[in-house]
K.L.:
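Sharing a structure with you now.
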Amino acid sequence: MTTPFTAPKGTYDLLPPASEEFLAVVNALSRPAELAGYQYVQTPMFEDTALFTRSVGESTDVVSKEMYTFEDKGGRSLTLRPEGTAGVIRAVVEHNLLAGQLPVKLWYTGPNFRYEAPQSGRYRQHVQVGIEAIGVDDPALDAEVIATAAEGFRALGLTQARLLLNSLGDATCRPAYRERLQEFLGGLDLDADTRRRAEINPLRVLDDKRPEVRAQLAGAPLLADNLCEACREHYDEVRGYLKELGVQWEEAPRLVRGLDYYTKTTFEFQHDGLGSQSAVGGGGRYDGLVESVGGPALSGIGFGLGVDRTMLALRAEGIAVADPARCQVFIVPLGAAKARAVTLAGELRRAGVSTDLAYGGRGLKGAMKAADRSGARYAVVIGERDLEGGTAQLKDLASGDQVAVPLTDAVSTIQEKLS
RNA sequence: GUGGCUGUAGCUCAGUUGGCAGAGCACCGGGUUGUGGUCCCGGGUGUCGCGGGUUCAAAUCCCGUCAGUCACCCCA
(Lines give C-alpha, C1' and ligand atoms only; values in the text may rest on other atoms or scores of the structure.)
Protein backbone atom coordinates (compact mmCIF):
# COMPACT_ATOMS: atom_id res chain seq x y z
CA MET A 1 0.00 0.00 0.00
CA THR A 2 1.15 3.51 -0.67
CA THR A 3 0.26 6.35 1.64
CA PRO A 4 1.29 9.97 1.07
CA PHE A 5 3.44 10.02 4.19
CA THR A 6 5.71 7.46 5.79
CA ALA A 7 7.95 7.55 8.84
CA PRO A 8 11.23 9.25 7.83
CA LYS A 9 14.07 7.03 6.72
CA GLY A 10 15.73 5.27 9.62
CA THR A 11 12.78 5.82 11.98
CA TYR A 12 9.86 3.60 12.88
CA ASP A 13 6.52 3.72 14.64
CA LEU A 14 6.12 1.79 17.87
CA LEU A 15 2.66 0.24 17.91
CA PRO A 16 0.89 -2.05 20.37
CA PRO A 17 1.83 -4.54 21.61
CA ALA A 18 5.51 -3.66 21.00
CA SER A 19 4.91 -0.19 22.42
CA GLU A 20 3.77 -1.75 25.70
CA GLU A 21 6.90 -3.83 25.72
CA PHE A 22 8.91 -0.67 25.16
CA LEU A 23 7.47 0.91 28.31
CA ALA A 24 8.21 -2.25 30.27
CA VAL A 25 11.81 -2.22 29.04
CA VAL A 26 12.32 1.43 29.97
CA ASN A 27 10.95 0.63 33.43
CA ALA A 28 13.13 -2.43 33.86
CA LEU A 29 16.27 -0.58 32.80
CA SER A 30 15.63 2.46 34.98
CA ARG A 31 14.36 0.78 38.15
CA PRO A 32 17.84 -0.38 39.26
CA ALA A 33 18.99 3.24 38.96
CA GLU A 34 16.19 4.45 41.20
CA LEU A 35 17.02 1.68 43.67
CA ALA A 36 20.58 3.04 43.72
CA GLY A 37 19.48 6.59 44.46
CA TYR A 38 19.51 8.13 40.99
CA GLN A 39 16.86 10.76 40.35
CA TYR A 40 15.12 11.53 37.10
CA VAL A 41 16.34 14.41 34.97
CA GLN A 42 15.01 15.72 31.67
CA THR A 43 16.91 18.01 29.35
CA PRO A 44 16.04 19.42 25.90
CA MET A 45 16.21 17.23 22.84
CA PHE A 46 18.28 19.89 21.09
CA GLU A 47 21.21 21.89 22.33
CA ASP A 48 23.71 24.46 21.17
CA THR A 49 25.74 22.72 18.47
CA ALA A 50 29.00 23.71 20.15
CA LEU A 51 28.07 21.72 23.26
CA PHE A 52 28.43 18.49 21.27
CA THR A 53 31.45 19.44 19.18
CA ARG A 54 33.29 20.40 22.35
CA SER A 55 32.27 17.48 24.58
CA VAL A 56 31.80 14.53 22.24
CA GLY A 57 34.80 15.59 20.18
CA GLU A 58 35.26 16.86 16.64
CA SER A 59 37.27 13.84 15.59
CA THR A 60 34.39 11.46 16.27
CA ASP A 61 32.12 10.19 13.51
CA VAL A 62 29.14 11.24 15.60
CA VAL A 63 30.13 14.90 15.44
CA SER A 64 31.89 14.99 12.09
CA LYS A 65 29.18 13.39 10.00
CA GLU A 66 26.14 12.20 11.93
CA MET A 67 24.60 15.24 13.60
CA TYR A 68 21.24 16.75 12.74
CA THR A 69 22.31 20.38 12.84
CA PHE A 70 20.09 23.29 11.86
CA GLU A 71 19.77 27.02 12.28
CA ASP A 72 16.69 28.37 14.03
CA LYS A 73 14.92 31.59 13.12
CA GLY A 74 17.12 33.47 15.56
CA GLY A 75 20.26 32.39 13.73
CA ARG A 76 21.39 29.95 16.47
CA SER A 77 23.09 26.74 15.44
CA LEU A 78 21.25 23.92 17.18
CA THR A 79 21.68 20.16 17.04
CA LEU A 80 19.32 17.31 17.89
CA ARG A 81 21.16 15.49 20.64
CA PRO A 82 23.19 12.54 19.32
CA GLU A 83 23.76 11.20 22.85
CA GLY A 84 22.52 11.88 26.34
CA THR A 85 25.49 12.71 28.54
CA ALA A 86 26.47 16.13 27.18
CA GLY A 87 23.07 17.70 27.83
CA VAL A 88 22.87 16.31 31.36
CA ILE A 89 26.35 17.61 32.21
CA ARG A 90 25.44 20.99 30.71
CA ALA A 91 22.33 21.16 32.91
CA VAL A 92 24.27 20.11 36.02
CA VAL A 93 26.88 22.79 35.39
CA GLU A 94 24.35 25.48 34.42
CA HIS A 95 22.37 24.96 37.63
CA ASN A 96 25.46 24.57 39.76
CA LEU A 97 24.39 21.22 41.19
CA LEU A 98 28.02 20.34 41.80
CA ALA A 99 28.12 22.95 44.58
CA GLY A 100 25.89 20.63 46.60
CA GLN A 101 26.34 17.12 47.88
CA LEU A 102 28.43 14.87 45.65
CA PRO A 103 28.08 12.75 43.69
CA VAL A 104 25.12 14.12 41.76
CA LYS A 105 23.24 11.01 40.64
CA LEU A 106 20.75 11.33 37.79
CA TRP A 107 18.96 9.07 35.35
CA TYR A 108 17.24 9.95 32.11
CA THR A 109 15.55 8.47 29.09
CA GLY A 110 14.68 9.81 25.68
CA PRO A 111 15.51 9.77 22.00
CA ASN A 112 18.87 10.49 20.41
CA PHE A 113 19.37 11.38 16.77
CA ARG A 114 22.15 10.40 14.41
CA TYR A 115 22.29 10.65 10.65
CA GLU A 116 23.49 7.12 9.88
CA ALA A 117 22.86 4.49 7.25
CA PRO A 118 19.90 2.61 8.73
CA GLN A 119 20.23 -1.08 9.40
CA SER A 120 18.64 -3.56 11.72
CA GLY A 121 19.38 -2.25 15.22
CA ARG A 122 20.63 1.08 13.89
CA TYR A 123 18.15 3.88 13.51
CA ARG A 124 18.31 7.62 13.01
CA GLN A 125 16.26 8.03 16.17
CA HIS A 126 16.90 5.66 19.04
CA VAL A 127 15.97 5.73 22.70
CA GLN A 128 18.37 5.28 25.57
CA VAL A 129 18.07 4.93 29.29
CA GLY A 130 21.11 6.44 30.94
CA ILE A 131 22.55 7.42 34.29
CA GLU A 132 25.29 9.82 35.33
CA ALA A 133 27.13 9.97 38.67
CA ILE A 134 29.06 13.22 38.72
CA GLY A 135 31.58 14.81 41.02
CA VAL A 136 33.33 11.91 42.69
CA ASP A 137 36.22 9.86 41.33
CA ASP A 138 35.71 6.71 43.39
CA PRO A 139 36.23 3.27 41.84
CA ALA A 140 33.30 1.98 43.91
CA LEU A 141 31.10 4.37 41.98
CA ASP A 142 32.36 2.96 38.68
CA ALA A 143 31.36 -0.47 39.92
CA GLU A 144 27.96 0.79 41.01
CA VAL A 145 27.25 2.27 37.59
CA ILE A 146 28.29 -0.90 35.79
CA ALA A 147 26.34 -3.11 38.17
CA THR A 148 23.26 -0.94 37.73
CA ALA A 149 23.36 -1.48 33.97
CA ALA A 150 23.96 -5.19 34.38
CA GLU A 151 21.04 -5.46 36.79
CA GLY A 152 18.68 -3.93 34.23
CA PHE A 153 19.56 -6.55 31.65
CA ARG A 154 19.43 -9.30 34.25
CA ALA A 155 15.98 -8.23 35.46
CA LEU A 156 14.65 -8.50 31.93
CA GLY A 157 15.90 -12.06 31.76
CA LEU A 158 18.67 -11.50 29.22
CA THR A 159 21.39 -14.08 29.61
CA GLN A 160 23.48 -13.43 26.51
CA ALA A 161 24.55 -9.85 27.22
CA ARG A 162 28.31 -9.81 27.78
CA LEU A 163 30.08 -7.06 29.67
CA LEU A 164 33.35 -5.89 28.11
CA LEU A 165 35.66 -3.90 30.33
CA ASN A 166 38.72 -1.75 29.69
CA SER A 167 40.59 1.23 31.02
CA LEU A 168 41.42 4.07 28.66
CA GLY A 169 43.87 5.78 31.01
CA ASP A 170 43.86 9.46 31.79
CA ALA A 171 45.66 12.71 30.98
CA THR A 172 48.78 11.36 32.67
CA CYS A 173 49.26 8.13 30.77
CA ARG A 174 47.19 8.34 27.63
CA PRO A 175 49.22 10.96 25.69
CA ALA A 176 52.41 8.90 25.96
CA TYR A 177 50.58 5.72 25.00
CA ARG A 178 48.92 7.51 22.12
CA GLU A 179 52.30 8.44 20.76
CA ARG A 180 53.59 4.88 21.08
CA LEU A 181 50.52 3.56 19.32
CA GLN A 182 50.81 6.15 16.57
CA GLU A 183 54.39 5.16 16.02
CA PHE A 184 53.37 1.52 15.75
CA LEU A 185 50.50 2.30 13.36
CA GLY A 186 52.84 4.38 11.20
CA GLY A 187 54.79 1.24 10.39
CA LEU A 188 51.75 -0.64 9.08
CA ASP A 189 50.33 -0.95 5.61
CA LEU A 190 47.00 0.84 5.96
CA ASP A 191 44.53 2.45 3.57
CA ALA A 192 44.20 6.23 3.39
CA ASP A 193 41.11 6.43 5.58
CA THR A 194 42.62 4.34 8.33
CA ARG A 195 45.90 6.26 8.15
CA ARG A 196 43.95 9.46 8.61
CA ARG A 197 42.18 7.97 11.62
CA ALA A 198 45.52 6.92 13.03
CA GLU A 199 46.53 10.58 12.89
CA ILE A 200 43.38 12.05 14.47
CA ASN A 201 42.25 9.28 16.79
CA PRO A 202 44.69 6.37 16.86
CA LEU A 203 42.88 4.41 19.60
CA ARG A 204 39.92 3.97 17.30
CA VAL A 205 42.00 1.94 14.89
CA LEU A 206 42.36 -0.72 17.57
CA ASP A 207 38.79 -1.97 17.25
CA ASP A 208 38.75 -2.12 13.46
CA LYS A 209 36.88 -5.29 12.45
CA ARG A 210 38.50 -5.93 9.09
CA PRO A 211 40.65 -9.08 9.21
CA GLU A 212 43.49 -7.57 7.17
CA VAL A 213 43.73 -4.71 9.65
CA ARG A 214 43.25 -6.97 12.67
CA ALA A 215 46.13 -9.20 11.60
CA GLN A 216 48.48 -6.24 11.52
CA LEU A 217 47.30 -5.08 14.94
CA ALA A 218 48.28 -8.33 16.63
CA GLY A 219 51.44 -6.84 18.10
CA ALA A 220 50.05 -3.41 18.87
CA PRO A 221 50.91 -1.89 22.25
CA LEU A 222 47.93 -2.03 24.59
CA LEU A 223 46.86 0.66 26.99
CA ALA A 224 46.45 -1.97 29.70
CA ASP A 225 50.23 -2.36 29.72
CA ASN A 226 50.81 1.38 29.71
CA LEU A 227 48.57 2.71 32.44
CA CYS A 228 50.03 5.08 35.00
CA GLU A 229 50.10 4.02 38.63
CA ALA A 230 46.91 5.90 39.54
CA CYS A 231 44.91 4.50 36.62
CA ARG A 232 46.11 0.98 37.26
CA GLU A 233 45.09 1.20 40.89
CA HIS A 234 41.75 2.68 39.99
CA TYR A 235 41.08 -0.09 37.49
CA ASP A 236 42.13 -2.81 39.96
CA GLU A 237 39.76 -1.43 42.54
CA VAL A 238 36.89 -1.26 40.08
CA ARG A 239 37.41 -4.94 39.30
CA GLY A 240 37.57 -5.75 42.99
CA TYR A 241 34.22 -4.08 43.64
CA LEU A 242 32.64 -5.72 40.61
CA LYS A 243 33.68 -9.06 42.01
CA GLU A 244 32.09 -8.09 45.33
CA LEU A 245 28.89 -7.23 43.47
CA GLY A 246 28.91 -10.52 41.61
CA VAL A 247 29.16 -8.88 38.20
CA GLN A 248 30.86 -10.95 35.51
CA TRP A 249 32.94 -9.30 32.80
CA GLU A 250 35.47 -9.94 30.06
CA GLU A 251 38.68 -7.97 29.76
CA ALA A 252 38.64 -6.12 26.44
CA PRO A 253 41.97 -4.34 26.06
CA ARG A 254 41.06 -3.12 22.58
CA LEU A 255 37.66 -1.73 23.52
CA VAL A 256 37.48 1.90 22.48
CA ARG A 257 34.32 3.93 22.40
CA GLY A 258 33.12 6.38 19.81
CA LEU A 259 32.93 9.40 22.05
CA ASP A 260 36.14 11.24 22.90
CA TYR A 261 35.40 12.18 26.50
CA TYR A 262 35.93 8.75 28.04
CA THR A 263 38.85 8.15 30.41
CA LYS A 264 39.79 5.35 32.80
CA THR A 265 37.00 2.81 33.20
CA THR A 266 35.21 2.08 29.93
CA PHE A 267 32.66 -0.64 29.26
CA GLU A 268 30.25 -1.95 26.72
CA PHE A 269 27.50 -4.56 26.82
CA GLN A 270 27.37 -6.71 23.73
CA HIS A 271 24.70 -9.12 22.64
CA ASP A 272 25.48 -11.78 20.07
CA GLY A 273 21.94 -12.12 18.75
CA LEU A 274 21.83 -8.74 17.05
CA GLY A 275 24.06 -9.12 14.01
CA SER A 276 26.70 -6.50 13.47
CA GLN A 277 25.08 -3.86 15.69
CA SER A 278 25.96 -5.77 18.81
CA ALA A 279 26.31 -3.09 21.48
CA VAL A 280 23.22 -2.84 23.66
CA GLY A 281 24.76 -0.37 26.06
CA GLY A 282 27.95 1.21 27.15
CA GLY A 283 29.61 3.97 29.08
CA GLY A 284 32.56 4.99 31.13
CA ARG A 285 34.27 7.60 33.21
CA TYR A 286 34.88 11.09 31.89
CA ASP A 287 37.54 13.12 33.70
CA GLY A 288 37.59 16.26 31.59
CA LEU A 289 34.02 16.50 30.38
CA VAL A 290 32.55 18.66 33.15
CA GLU A 291 35.38 21.16 32.80
CA SER A 292 35.04 21.22 29.02
CA VAL A 293 31.50 22.55 29.30
CA GLY A 294 32.46 25.25 31.80
CA GLY A 295 32.17 23.44 35.12
CA PRO A 296 34.67 22.58 37.84
CA ALA A 297 37.41 20.01 37.24
CA LEU A 298 35.37 17.10 38.55
CA SER A 299 35.10 13.62 37.13
CA GLY A 300 31.96 11.64 36.44
CA ILE A 301 30.81 8.30 35.13
CA GLY A 302 27.69 7.09 33.35
CA PHE A 303 26.13 4.79 30.82
CA GLY A 304 23.61 4.74 28.02
CA LEU A 305 21.56 1.64 27.29
CA GLY A 306 19.81 1.23 23.97
CA VAL A 307 16.12 0.50 24.47
CA ASP A 308 15.51 -0.42 20.81
CA ARG A 309 18.40 -2.87 20.76
CA THR A 310 17.42 -4.29 24.13
CA MET A 311 14.05 -5.12 22.60
CA LEU A 312 15.83 -6.83 19.70
CA ALA A 313 17.94 -8.76 22.19
CA LEU A 314 14.82 -9.90 24.05
CA ARG A 315 13.37 -11.13 20.78
CA ALA A 316 16.63 -12.88 19.91
CA GLU A 317 16.51 -14.76 23.22
CA GLY A 318 12.82 -15.53 22.82
CA ILE A 319 11.86 -13.58 25.92
CA ALA A 320 8.35 -12.16 25.94
CA VAL A 321 7.86 -9.24 28.27
CA ALA A 322 4.45 -9.68 29.87
CA ASP A 323 1.68 -8.06 27.90
CA PRO A 324 -0.94 -7.13 30.50
CA ALA A 325 -4.63 -7.32 29.62
CA ARG A 326 -5.98 -4.07 28.31
CA CYS A 327 -8.67 -3.98 30.98
CA GLN A 328 -10.19 -5.97 33.83
CA VAL A 329 -13.83 -5.36 32.99
CA PHE A 330 -15.56 -5.06 29.63
CA ILE A 331 -19.07 -3.67 29.49
CA VAL A 332 -21.55 -4.77 26.85
CA PRO A 333 -24.54 -2.43 26.59
CA LEU A 334 -27.68 -3.37 24.71
CA GLY A 335 -29.99 -0.81 23.16
CA ALA A 336 -31.36 1.80 25.54
CA ALA A 337 -29.15 0.59 28.41
CA LYS A 338 -26.19 2.36 26.87
CA ALA A 339 -26.43 5.45 29.09
CA ARG A 340 -26.36 3.31 32.25
CA ALA A 341 -23.41 1.36 30.83
CA VAL A 342 -21.45 4.54 30.20
CA THR A 343 -22.18 5.64 33.77
CA LEU A 344 -21.03 2.30 35.16
CA ALA A 345 -17.79 2.49 33.17
CA GLY A 346 -17.07 5.86 34.73
CA GLU A 347 -17.85 4.55 38.23
CA LEU A 348 -15.59 1.54 37.80
CA ARG A 349 -12.69 3.61 36.48
CA ARG A 350 -12.97 6.05 39.37
CA ALA A 351 -12.86 3.06 41.70
CA GLY A 352 -9.58 2.02 40.10
CA VAL A 353 -10.92 -0.81 37.95
CA SER A 354 -9.65 -0.67 34.37
CA THR A 355 -12.72 -0.80 32.20
CA ASP A 356 -13.56 -0.74 28.51
CA LEU A 357 -16.89 -0.80 26.75
CA ALA A 358 -18.30 -1.93 23.42
CA TYR A 359 -18.74 1.16 21.28
CA GLY A 360 -20.25 1.63 17.89
CA GLY A 361 -23.50 -0.25 18.44
CA ARG A 362 -22.08 -3.69 17.80
CA GLY A 363 -24.38 -6.64 18.09
CA LEU A 364 -24.27 -8.72 21.25
CA LYS A 365 -22.19 -11.40 19.60
CA GLY A 366 -19.66 -8.94 18.28
CA ALA A 367 -19.55 -7.12 21.60
CA MET A 368 -18.90 -10.35 23.50
CA LYS A 369 -16.16 -11.13 21.04
CA ALA A 370 -14.61 -7.75 21.78
CA ALA A 371 -14.90 -8.50 25.49
CA ASP A 372 -13.02 -11.74 24.92
CA ARG A 373 -10.28 -10.07 22.91
CA SER A 374 -9.80 -7.36 25.51
CA GLY A 375 -8.41 -9.86 27.98
CA ALA A 376 -10.87 -8.71 30.63
CA ARG A 377 -11.70 -11.09 33.46
CA TYR A 378 -15.32 -10.03 33.61
CA ALA A 379 -17.93 -8.92 31.13
CA VAL A 380 -20.89 -6.88 32.30
CA VAL A 381 -23.94 -7.19 30.08
CA ILE A 382 -26.60 -4.54 30.59
CA GLY A 383 -29.77 -4.76 28.50
CA GLU A 384 -33.16 -3.20 28.80
CA ARG A 385 -34.52 -6.30 30.53
CA ASP A 386 -31.82 -6.03 33.20
CA LEU A 387 -32.40 -2.32 33.64
CA GLU A 388 -36.04 -2.93 34.46
CA GLY A 389 -34.95 -5.19 37.30
CA GLY A 390 -32.17 -2.80 38.31
CA THR A 391 -29.51 -5.43 37.64
CA ALA A 392 -26.65 -6.26 35.31
CA GLN A 393 -25.30 -9.61 34.21
CA LEU A 394 -21.78 -10.19 35.51
CA LYS A 395 -19.99 -12.89 33.55
CA ASP A 396 -16.69 -14.53 34.46
CA LEU A 397 -15.08 -14.83 31.04
CA ALA A 398 -12.77 -17.67 32.02
CA SER A 399 -15.38 -19.99 33.56
CA GLY A 400 -18.44 -18.73 31.69
CA ASP A 401 -20.38 -18.42 34.95
CA GLN A 402 -22.86 -15.58 34.94
CA VAL A 403 -24.82 -14.00 37.78
CA ALA A 404 -27.20 -11.08 38.03
CA VAL A 405 -26.01 -8.33 40.39
CA PRO A 406 -27.92 -5.24 41.50
CA LEU A 407 -26.57 -2.20 39.64
CA THR A 408 -26.27 -0.32 42.91
CA ASP A 409 -23.78 -2.92 44.18
CA ALA A 410 -22.04 -3.55 40.85
CA VAL A 411 -18.86 -1.60 41.60
CA SER A 412 -18.29 -3.09 45.05
CA THR A 413 -19.13 -6.61 43.88
CA ILE A 414 -16.65 -6.36 41.01
CA GLN A 415 -13.96 -4.90 43.23
CA GLU A 416 -14.43 -7.78 45.65
CA LYS A 417 -14.21 -10.41 42.94
CA LEU A 418 -11.08 -8.83 41.47
CA SER A 419 -9.23 -8.60 44.77
C1' G B 1 29.10 7.19 2.41
C1' U B 2 30.32 2.14 -0.52
C1' G B 3 28.69 -2.76 -2.16
C1' G B 4 25.11 -7.23 -2.23
C1' C B 5 19.96 -8.96 -1.58
C1' U B 6 14.62 -7.90 -1.17
C1' G B 7 9.83 -4.91 -1.94
C1' U B 8 2.57 -8.63 -3.83
C1' A B 9 -3.69 -7.77 1.43
C1' G B 10 -3.06 -5.42 8.38
C1' C B 11 0.84 -9.89 9.09
C1' U B 12 3.63 -14.29 6.90
C1' C B 13 4.14 -15.42 2.04
C1' A B 14 2.72 -18.11 -3.10
C1' G B 15 2.12 -16.40 -8.08
C1' U B 16 5.29 -21.39 -13.66
C1' U B 17 8.11 -19.81 -20.41
C1' G B 18 4.91 -12.30 -19.84
C1' G B 19 -1.87 -13.99 -20.44
C1' C B 20 -8.37 -12.24 -15.40
C1' A B 21 -4.55 -10.73 -8.17
C1' G B 22 -3.97 -15.67 -4.67
C1' A B 23 -3.42 -18.74 0.32
C1' G B 24 -3.04 -18.99 5.63
C1' C B 25 -3.53 -15.93 9.82
C1' A B 26 -5.94 -11.45 11.34
C1' C B 27 -10.39 -8.50 10.66
C1' C B 28 -15.96 -7.85 9.69
C1' G B 29 -20.91 -10.15 9.26
C1' G B 30 -24.14 -14.40 9.78
C1' G B 31 -25.47 -19.48 11.73
C1' U B 32 -27.54 -18.04 17.66
C1' U B 33 -33.62 -11.18 16.98
C1' G B 34 -29.66 -11.53 25.07
C1' U B 35 -23.83 -14.10 25.29
C1' G B 36 -17.19 -14.70 23.76
C1' G B 37 -13.30 -18.66 23.00
C1' U B 38 -14.35 -24.22 19.33
C1' C B 39 -17.12 -25.22 14.77
C1' C B 40 -19.75 -23.96 10.03
C1' C B 41 -21.06 -20.23 6.13
C1' G B 42 -20.14 -15.58 3.77
C1' G B 43 -17.03 -11.05 2.87
C1' G B 44 -10.69 -9.23 -0.19
C1' U B 45 -10.02 -5.11 2.86
C1' G B 46 -4.72 -4.47 -3.09
C1' U B 47 -1.69 2.10 -6.63
C1' C B 48 1.79 -5.94 -6.97
C1' G B 49 6.86 0.33 -3.20
C1' C B 50 6.96 4.64 -6.80
C1' G B 51 8.11 6.67 -11.91
C1' G B 52 9.27 5.58 -16.80
C1' G B 53 10.37 1.99 -20.89
C1' U B 54 9.67 -2.71 -24.03
C1' U B 55 5.12 -5.50 -25.51
C1' C B 56 -1.25 -6.93 -28.36
C1' A B 57 -0.55 -7.93 -23.05
C1' A B 58 3.97 -6.61 -17.29
C1' A B 59 3.49 -8.50 -10.29
C1' U B 60 6.77 -11.09 -13.96
C1' C B 61 11.53 -8.19 -18.68
C1' C B 62 14.70 -3.27 -18.80
C1' C B 63 16.12 1.64 -16.63
C1' G B 64 15.64 5.01 -12.70
C1' U B 65 14.09 6.07 -7.84
C1' C B 66 12.43 5.30 -2.76
C1' A B 67 12.39 2.02 1.34
C1' G B 68 13.94 -2.27 4.02
C1' U B 69 17.81 -5.64 4.90
C1' C B 70 22.94 -7.63 5.10
C1' A B 71 28.24 -6.44 5.09
C1' C B 72 31.99 -2.45 5.54
C1' C B 73 32.12 1.95 8.48
C1' C B 74 30.17 3.50 13.10
C1' C B 75 27.49 2.66 17.52
C1' A B 76 22.87 2.19 21.39
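So you know, we letter chains A, B, ... as the sequences are listed, proteins then strands, and number each from 1. Note that the structure is a prediction, hence the values are computed from the model and not measured.
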K.L.:
Using only side-chain N and O atoms of A/Lys9, determine if any of them is under 4.0 Å from OP1 or OP2 of B/A67.
P.N.:
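Affirmative; the distance criterion is met.
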
K.L.:
Can you tell me whether the side chain of A/Asp372 and the base of B/G37 have a donor-acceptor pair closer than 3.5 Å?
P.N.:
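There is none.
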
K.L.:
Once hydrogens and angles are ignored, does a donor-acceptor distance under 3.5 Å link the base of B/U35 to the side chain of A/Lys395?
P.N.:
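It does, because a donor-acceptor pair links the side chain of A/Lys395 to the base of B/U35 below 3.5 Å.
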
K.L.:
Looking only at side-chain atoms of A/Lys65, point me to the closest of B/G34, B/C74, B/C73.
P.N.:
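Comparing B/G34, B/C74, B/C73 against the side chain of A/Lys65, the answer is B/C73.
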
K.L.:
Return the pairing partner of B/U32 with a 3.5 Å limit on both distances, Watson-Crick or G-U wobble; otherwise return none.
P.N.:
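Partner of B/U32: none found under 3.5 Å.
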
K.L.:
Counting heavy atoms from C-beta on, name the nucleotide in B/A76, B/G29, B/C27 closest to the side chain of A/Glu268.
P.N.:
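From the listed options, B/A76 comes nearest.
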
K.L.:
Taking N and O atoms by type only, does the side chain of A/Gln125 place a donor or acceptor under 3.5 Å from a partner on the base of B/A76?
P.N.:
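By the distance-only test, no, there is no pair.
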
K.L.:
Let's test your reading of the model: under 3.5 Å, does the base of B/C74 pair with the side chain of A/Arg197 as donor and acceptor?
P.N.:
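No such pair is found, so the answer is no.
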
K.L.:
Does B/G18 have a Watson-Crick or wobble mate here (both distances under 3.5 Å), and if so which one?
P.N.:
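Across all strands, not a single nucleotide pairs with B/G18.
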
K.L.:
With a 3.5 angstrom cut-off on both distances, give the Watson-Crick or G-U wobble partner of B/G3, or none if there isn't one.
P.N.:
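Pair assignment: B/G3 / B/C70.
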
K.L.:
Provide the Watson-Crick or G-U wobble partner of B/A23, both distances under 3.5 Å; none if there is no partner.
P.N.:
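B/A23 is paired, partner B/U12.
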
K.L.:
Just to be sure I understand the rule, does A/Gly383 reach a base, reach only the sugar-phosphate, or reach nothing, if contact means heavy atoms closer than 4.0 Å?
P.N.:
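The residue A/Gly383 makes base contact.
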
K.L.:
Please tell me if A/Arg122 has a side-chain N or O lying less than 4.0 Å from either OP1 or OP2 of B/C70.
P.N.:
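False: A/Arg122 side-chain N/O out of range (4.0 Å or more) of B/C70 OP1/OP2.
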
K.L.:
Could you state the atom-to-atom distance from CD of A/Glu388 to P of B/G34 in whole Å?
P.N.:
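It is 14 Å, rounded to the nearest whole Å.
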
K.L.:
For A/Leu397 and for A/Ser278, find the nucleotide of RNA chain B with the closest heavy atom, then tell me which residue's nucleotide is more 5'.
P.N.:
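Mapping each residue to its closest nucleotide by heavy atoms, the 5'-most match is A/Leu397.
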
K.L.:
In terms of relative ring orientation, are A/Tyr68 and A/Tyr115 parallel, tilted or perpendicular, with 30° and 60° separating the classes?
P.N.:
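Aromatic pair A/Tyr68/A/Tyr115 classed perpendicular.
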
K.L.:
Among B/G34, B/C73, B/U35, which nucleotide has an atom closest to any side-chain atom of A/Arg385?
P.N.:
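Selected nucleotide (nearest to the side chain): B/G34.
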
K.L.:
Given B/A76, B/A71, B/U69, which nucleotide is nearest the side-chain atoms of A/Gln119?
P.N.:
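Between B/A76, B/A71, B/U69, the one nearest the side chain of A/Gln119 would be B/A71.
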
K.L.:
If you check every side-chain atom of A/Arg373, which of B/G1, B/C28, B/G34 has the closest atom?
P.N.:
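Within the option list, the nearest is B/C28.
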
K.L.:
Check each of A/Arg54, A/Arg90, A/Arg76 against A/Glu47 using the salt bridge (charged side-chain N to carboxylate O under 4.0 Å, His left out) test, and report the only one that passes.
P.N.:
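Answer to the salt bridge (charged side-chain N to carboxylate O under 4.0 Å, His left out) test with A/Glu47 among A/Arg54, A/Arg90, A/Arg76: A/Arg90.
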
K.L.:
For A/Ala117, report the nucleic acid contact type (base, sugar-phosphate, nothing); a contact means any heavy atom under 4.0 Å.
P.N.:
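Since a base atom lies under 4.0 Å of A/Ala117, the category is base.
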
K.L.:
Could you please name the option among B/C72, B/G36, B/U35 that lies closest to any side-chain atom of A/Gln393?
P.N.:
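Looking only at side-chain atoms, A/Gln393 lies closest to B/U35.
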
K.L.:
If only side-chain N and O atoms of A/Arg257 are considered, is one of them under 4.0 Å from the OP1 or OP2 phosphate oxygen of B/C74?
P.N.:
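It does not, given that no N or O in the side chain of A/Arg257 lies less than 4.0 Å from OP1 or OP2 of B/C74.
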
K.L.:
Taking atom P of B/A76 as reference, at what distance in whole Å does atom CD of A/Gln277 sit?
P.N.:
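Distance, rounded to whole Å: 11 Å.
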
K.L.:
Heavy atoms from C-beta onward define the side chain here; which of B/C73, B/G30, B/A76 lies closest to that of A/Asp208?
P.N.:
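Out of B/C73, B/G30, B/A76, the nucleotide with an atom closest to A/Asp208's side chain is B/C73.
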
K.L.:
Using a cut-off of 4.0 Å on non-hydrogen atoms, how would the nucleic acid contact of A/Val381 be classed: base, sugar-phosphate, or nothing?
P.N.:
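Result for A/Val381 = base.
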
K.L.:
If you measure only the distance, is there a donor-acceptor pair under 3.5 Å linking the side chains of A/Gln277 and A/Tyr123?
P.N.:
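No, no side-chain donor-acceptor pair sits under 3.5 Å.
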
K.L.:
Select one nucleotide: of B/U35, B/A76, B/G37, the one nearest the side-chain heavy atoms of A/Gln402.
P.N.:
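Of the options given, the side chain of A/Gln402 lies nearest B/U35.
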
